[in-house]
Amino acid sequence: MPDNTVQAAYTAIHNLYIESFGSPTDLDPEDTAFATTHLSPGPVLDLGCGPGHFTKFLTDAGIPATGVDLVPEFIAYARSAYPNIAFELGSLRELDAPTESVPGILAWFSLIHMEPTELPAVLAEFHRVLTPGGRLVIGFFESTEVVEPFPHKVTTAYRWPTDHLSATLRAAGFTELGRLYHPASGNVRPHAALAVGKFATTTA
């Protein structure tokens, strides 16, 4: 899905989103523990950071983080709420970072609006900027169907079986390090997280 479509959709509901999900206390302790375990010691790019709540959590946990998001209103809020943390307006598709310069990336539900054909190029960009041995943590909606679109409350989104997304990451040059799964509960859809690393491959 084009960046401008996603940007417009989140801009339209940015106040409601901030009220509903904009605090570090809204994060699940299992999710934060999973992310900090795999992203420590940083620094980390929090890509699709929204109002900066996960960026703030990582920073408070001793993991330096910079938040990046498409939505100017989210970046303005984050800069105001957390003035000691760096936040930048930008796209996940073209990162403003030199090759092999970033030790860690958090993409927490920030790839969900990417169409299946778009994902490999975005993962290649992540792979480009990560240092050798760098880590990537992705949060996503889980599904038993292979790459299944669904009517997300903001705009159309996609969910993946964990094994399928892991294979897509492997094709992009990553090695799986860990996974976390949350089954459906009440009105919350099943969701999961994957941690992967960028490691050199050897040939015989």
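- With sequence neighbours left out, Phe126 forms a ring pair (Phe, Tyr, Trp, His ring centres under 6.0 Å) with no residue at all.
- In this structure, Glu100 pairs ionically with Lys198, as a charged nitrogen and a carboxylate oxygen lie closer than 4.0 Å.
- No side-chain heavy atom of Thr99 sits under 4.5 Å from any side-chain heavy atom of Val129.
- Although no hydrogens or angles enter the test, the distance criterion places no donor-acceptor pair under 3.5 Å between the side chain of Ser40 and the main chain of Thr37.
- Taking 4.5 Å as the limit, some side-chain heavy atom of Glu142 sits within range of a side-chain heavy atom of Tyr181.
- Here Leu169 contributes atom CG and Ile138 contributes atom CD1; the two are 4.5 Å apart, rounded to the nearest 0.5 Å.
- Smallest separation of non-hydrogen atoms from Pro103 and Ser101: CD-O, 3.7 Å.
- Pairing each heavy atom of Ala35 with each of Leu106, the nearest pair is CB-CD1, 4.5 Å.
- Nearest heavy-atom pair, Asp28 versus Glu30, reported as atom, atom and distance to 0.1 Å: OD1-N, 2.7 Å.
- For Phe109, the side chain to side chain contact (heavy atoms under 4.5 Å, CB included) test picks out Ile112, Phe141, His191, with sequence neighbours left out.
- Taking the ring pair (Phe, Tyr, Trp, His ring centres under 6.0 Å) definition, one finds that Phe87 meets it with nothing, sequence neighbours left out.
- Listed by chain and number, the residues in a ring pair (Phe, Tyr, Trp, His ring centres under 6.0 Å) with Phe57 amount to none (sequence neighbours excluded).
- You'll find the side chain of Leu194 reaches within 4.5 Å of the side chain of Leu165, heavy atoms only.
- Atom-to-atom distance recorded for Leu130:CG and Arg135:CZ is 10.5 Å, nearest 0.5 angstrom.
- Expressed to the nearest 0.5 Å, how far CH2 of Trp108 lies from OG1 of Thr55 amounts to 13.0 Å.
- Residue pairs meeting the side-chain hydrogen bond (donor to acceptor under 3.5 Å, both in side chains) criterion with at least one member in residues 57-70, sequence neighbours excluded: Lys56-Asp60.
- Distance alone, capped at 3.5 Å, places no donor-acceptor pair between the Ser80 side chain and the Tyr77 backbone.
- Here the CG-CG distance, from Leu136 to Leu45, works out to 11.0 Å after rounding to the nearest 0.5 Å.
- Considering CZ of Arg189 and NE2 of His182, their distance stands at 15.5 Å, rounded to 0.5 Å.
- Between Cys49 and Ile75 the shortest heavy-atom distance is SG-CD1, 4.1 Å.
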(request) Take Leu47 and Leu95 through the side-chain contact (heavy atoms from CB on, under 4.5 Å) test and state the conclusion after the steps. (result) CA-CA 9 Å; Leu47 300 179; Leu95 300 177; 3.8 Å; yes
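- Taking 4.5 Å as the limit, every side-chain heavy atom of Thr168 sits out of range of all side-chain heavy atoms of Phe174.
- For the residue pair Trp160 and Leu111, the shortest heavy atom distance occurs at CH2-O, 3.4 Å.
- The two residues Arg79 and Leu89 come nearest to each other via the heavy atoms NH2-N, 4.4 Å.
- For an aromatic pair to be called close, the ring centres must be under 6.0 Å apart, and His113 with Tyr158 fails this.
- Under the side-chain hydrogen bond (donor to acceptor under 3.5 Å, both in side chains) criterion, Glu176 pairs with Ser166, Arg179, sequence neighbours left out.
- Side-chain contact check for Val196 versus His38: every heavy-atom pair is 4.5 Å or farther apart.
- One finds the CD1 atom of Ile63 at 11.0 Å from the CG atom of Asp46 (value rounded to the nearest 0.5 Å).
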